[in-house]
A.B. asks: 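One structure coming up, written as structure tokens, with questions to follow.
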Amino acid sequence: MHFTSDQRLDDGVRAREFTLGKIPGTLWTPESATPTPLLLIAHNGGLHRREPRLVARARHSAANGYAVAAIDAPGHGDRPRSAADEETRAELRRAMRAGGPVDELFESFIGPLVEKTVPEWRTTLDALLSLPEIGGPVGYSGWTAVGIRLAVVEPRIAAAGFFAGGYVPRAQREEARQVIIPLLLLLQWDDEGNPRQRALDLFDAFGSKQKTLHANTGGHAGTPWFEVEDGNRFFDRHLK
């Protein structure tokens, strides 16, 4: 892991950009003399790890006593996009504008992306846990499809918060039964691109004995800020 920048922010949080091979990332840490728990924040939809709402979430959690890390998945943020990826994204946009079926397009795009992204998160986790300021345990927040796979294959993940706002491939819907860690699922009740019943079925499928569903009215991008605060309280219960 090679740190490329180091900045002290006005809320006392330290923000460092890093690269790990071809993986770019950001690490936010609190002012603390003792090793802190770690939160992995994963984003999808082609977003950048510097997207303002993600950075605000990260800084809020870091100020609350967590080390927080985000990386750009393949084809996201600073990562290059292949011509095939661009064509698939364009085809998805055309199909969604036309109101046509999109599940198979999502399946062919998101499924392989999960397979590429999860090993990168595990490599990043190895590097992060070697830093003296990070002691664990580890939580995961964000992208549901990647989070399901990571929770199944990575025993160091102790709790997870998922956002039911992105397509979850069939393979991960089946894997949800193997997820047994404490879980918080956020659902936007009127999310125009993600069928409500599919999210409810996914919540029901999770094997966790401790699982909580938070549903709020509003569309895809309308998750209220207080859910960030509630998410921190969820992680406080299970990671501190």
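From a predicted model like this one, the values you see are computed outputs, not experimental measurements.
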A.B. asks: What verdict does the side chain to side chain contact (heavy atoms under 4.5 Å, CB included) test give for L27 and F18, after you've listed the backbone C-alpha separation in whole Å, the side-chain angles of each residue and the deciding distance to 0.1 Å?
C.D. replies: CA-CA 8 Å; L27 175 64; F18 66 83; 4.2 Å; yes
A.B. asks: Between the main-chain N or O of T29 and the side-chain N or O of R14, is there a donor-acceptor pair closer than 3.5 Å?
C.D. replies: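 Side chain of R14 to backbone of T29, a donor-acceptor pair under 3.5 Å: no, none is there.
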A.B. asks: Side chain to side chain contact (heavy atoms under 4.5 Å, CB included) for K209 and I180? Distances and angles first, verdict last.
C.D. replies: CA-CA 7 Å; K209 291 183 179 180; I180 59 174; over 6 Å; no
A.B. asks: Can any side-chain N or O of S208 pair as donor or acceptor with the backbone N or O of I181 at less than 3.5 Å?
C.D. replies: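 Yes; at least one donor-acceptor contact below 3.5 Å.
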A.B. asks: Calculate, to the nearest 0.5 Å, the distance between atoms CZ and CD belonging to F234 and Q210 respectively.
C.D. replies: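 CD of Q210 is found 8.0 Å from CZ of F234.
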A.B. asks: Rounded to the nearest 0.5 Å, what separates atom CE in M1 from atom CG in L20?
C.D. replies: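 So the gap between those two atoms works out to 5.0 Å.
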A.B. asks: So does V114 get a backbone contact from the side chain of T117, meaning a donor-acceptor N/O pair under 3.5 Å?
C.D. replies: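 No, because the side chain of T117 does not come within donor-acceptor range (under 3.5 Å) of the backbone of V114.
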A.B. asks: Out of curiosity, does W143 fall in the hydrophobic cluster containing F109 (side-chain heavy atoms, cut-off under 4.5 Å, transitive links)?
C.D. replies: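 Yes; W143 is reachable from F109 via cluster members.
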A.B. asks: Just wondering, do V55 and R49 contact through their side chains at under 4.5 Å, heavy atoms?
C.D. replies: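 Result no, sub-4.5 Å side-chain heavy-atom pair not found.
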A.B. asks: Does a side-chain heavy-atom distance below 4.5 Å link P37 with H238?
C.D. replies: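 Side-chain contact under 4.5 Å: no.
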A.B. asks: Under 3.5 Å, is there a donor-acceptor pair between the side chain of Y140 and the main chain of A160?
C.D. replies: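 No, Y140 side chain to A160 backbone: no donor-acceptor pair under 3.5 Å.
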A.B. asks: Would you indicate whether the side-chain heavy atoms of L200 and L187 approach each other to under 4.5 Å?
C.D. replies: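 The answer is yes, as the side chains (C-beta and beyond) meet within the 4.5 Å cut-off.
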A.B. asks: Determine whether L113 and I41 fall in the same hydrophobic cluster, where Ile, Leu, Val, Met, Phe, Trp and Tyr are linked whenever their side-chain heavy atoms lie under 4.5 Å apart.
C.D. replies: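 Unlinked, L113 and I41 end up in two clusters.
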A.B. asks: Can you confirm whether or not the ring centre of F163 sits under 6.0 Å from the ring centre of H214?
C.D. replies: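 Centroid distance F163-H214: not below 6.0 Å, so no.
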A.B. asks: Might you confirm whether atom CG of L131 has over 12 heavy atoms from other residues, nucleotides or ligands at distances under 6.0 Å?
C.D. replies: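 More than 12 heavy atoms, drawn from other residues, nucleotides or ligands, come within 6.0 Å of this atom.
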A.B. asks: Over all heavy atoms of both residues, which pair between A158 and L239 is shortest? Give the atoms and the distance, please.
C.D. replies: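 Of all heavy-atom pairs spanning A158 and L239, the closest is CB-CD2, 3.8 Å.
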A.B. asks: Find the distance between CG (L129) and CD1 (I134) and round it off to the nearest 0.5 Å.
C.D. replies: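 Output value for this atom pair is 6.5 Å.
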A.B. asks: Under 4.0 Å between a Lys/Arg side-chain N and an Asp/Glu carboxylate O for R57 and E51?
C.D. replies: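 Between E51 and R57 there is no salt bridge, as every charged N stays at least 4.0 Å from the carboxylate O atoms.
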A.B. asks: Looking only at heavy atoms, what is the nearest atom pair of W121 and V146, with distance?
C.D. replies: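 Here W121 and V146 meet closest at CD1-CG1, 3.9 Å.
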A.B. asks: Run R198 and D103 through salt bridge (charged side-chain N to carboxylate O under 4.0 Å, His left out) and show every step you take.
C.D. replies: CA-CA 12 Å; R198 182 179 291 172; D103 277 10; 2.6 Å; yes
A.B. asks: Quick check: is I71 connected to L39 through a chain of hydrophobic side chains (ILVMFWY, heavy atoms under 4.5 Å apart)?
C.D. replies: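 No, because L39 and I71 fall into different hydrophobic clusters, even though each may have its own neighbours under 4.5 Å.
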A.B. asks: Centre-to-centre under 6.0 Å for F162 and F206, is that the case here?
C.D. replies: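 Yes, ring centres under 6.0 Å apart.
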A.B. asks: Are side-chain heavy atoms of V153 and R122 found at a separation under 4.5 Å?
C.D. replies: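 Side chain of V153 against side chain of R122, heavy atoms only: contact under 4.5 Å found.
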A.B. asks: Using a 4.5 Å cut-off on heavy atoms from C-beta on, say whether the side chain of E154 contacts that of L125.
C.D. replies: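 When only atoms from C-beta onward are counted, E154 and L125 do touch, with a gap below 4.5 Å.
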A.B. asks: Can you check side chain to side chain contact (heavy atoms under 4.5 Å, CB included) on D236 and Y66, steps first, answer last?
C.D. replies: CA-CA 10 Å; D236 287 347; Y66 291 93; 2.6 Å; yes
A.B. asks: Going through the distances and angles, do E175 and Q172 end up as a side-chain hydrogen bond (donor to acceptor under 3.5 Å, both in side chains)?
C.D. replies: CA-CA 5 Å; E175 287 177 325; Q172 276 67 65; 3.0 Å; yes
A.B. asks: Do L128 and L40 have side-chain heavy atoms sitting under 4.5 Å apart?
C.D. replies: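 Side chain of L128 against side chain of L40, heavy atoms only: contact under 4.5 Å found.
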A.B. asks: I'd like to know whether D204 forms a salt bridge (charged side-chain N to carboxylate O under 4.0 Å, His left out) with R177, so could you lay out the CA-CA distance, the side-chain angles of the two residues, the decisive distance to 0.1 Å, and finally the verdict.
C.D. replies: CA-CA 9 Å; D204 190 52; R177 305 179 191 283; over 6 Å; no
A.B. asks: Mark yes or no for whether H220, through its side chain, and G165, through its backbone, hold a donor-acceptor pair below 3.5 Å.
C.D. replies: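 Yes: the side chain of H220 pairs with the backbone of G165.
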A.B. asks: Indicate the atoms forming the closest heavy-atom contact of D72 with R79, along with that distance.
C.D. replies: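 In this case the closest contact between D72 and R79 is O-NH1, 2.8 Å.
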A.B. asks: Find the distance between CZ (R173) and CG (L202) and round it off to the nearest 0.5 Å.
C.D. replies: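 Here the interatomic distance stands at 8.5 Å.
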A.B. asks: Is the shortest side-chain N to carboxylate O distance from E227 to R233 below 4.0 Å?
C.D. replies: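 Salt bridge flag = no for R233 with E227.
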A.B. asks: Could you go step by step and tell me if R196 and D191 meet the salt bridge (charged side-chain N to carboxylate O under 4.0 Å, His left out) rule?
C.D. replies: CA-CA 7 Å; R196 181 188 307 165; D191 193 332; over 6 Å; no
A.B. asks: Indicate the atoms forming the closest heavy-atom contact of R149 with V118, along with that distance.
C.D. replies: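 What the structure gives for the nearest pair is CG-CG2, 3.4 Å.
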A.B. asks: With side chains defined as the heavy atoms from C-beta onward, is the minimum distance between K211 and L185 less than 4.5 Å?
C.D. replies: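 No, side chains not in contact.
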A.B. asks: Linking I/L/V/M/F/W/Y whenever their side-chain heavy atoms sit closer than 4.5 Å, directly or via other members, would I157 and V168 fall into one cluster?
C.D. replies: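 In one cluster with I157: V168, yes.
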A.B. asks: Drop me the distance from D11's CG to W28's CH2, to the nearest 0.5 angstrom.
C.D. replies: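 Atom-to-atom, D11:CG and W28:CH2 are 12.0 Å apart.
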A.B. asks: If I compare all heavy atoms of V68 with all of S61, which pair ends up nearest, and what's the gap?
C.D. replies: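 For V68 and S61, the tightest heavy-atom pair comes out as CG2-CB, 3.7 Å.
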A.B. asks: May I ask whether V152 and F203 are part of the same hydrophobic cluster, defined by side-chain heavy atoms of I, L, V, M, F, W, Y residues being less than 4.5 angstrom apart, directly or through others?
C.D. replies: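 Linked, V152 and F203 end up in one cluster.
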A.B. asks: Would E17 and T26 count as having a side-chain donor-acceptor pair, cut-off 3.5 Å?
C.D. replies: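 There is such a pair between these side chains.
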A.B. asks: Quick one: CG on L213 to CG on L184, what's the gap to the nearest 0.5 Å?
C.D. replies: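 With rounding to 0.5 Å, CG (L213) is 8.5 Å from CG (L184).
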A.B. asks: Closest approach of A62 and P30, non-hydrogen atoms and distance?
C.D. replies: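 Reported closest heavy-atom pair: O-CB, 3.0 Å.
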A.B. asks: Find out whether K240 and F235 are in side-chain contact, i.e. whether some heavy atom of one side chain is under 4.5 Å from a heavy atom of the other.
C.D. replies: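 Counting from C-beta outward, K240 and F235 never come under 4.5 Å.
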A.B. asks: Classify the ring geometry between H76 and H43 as parallel (under 30°), tilted (30 to 60°) or perpendicular (over 60°).
C.D. replies: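 H76 vs H43 ring planes: perpendicular.
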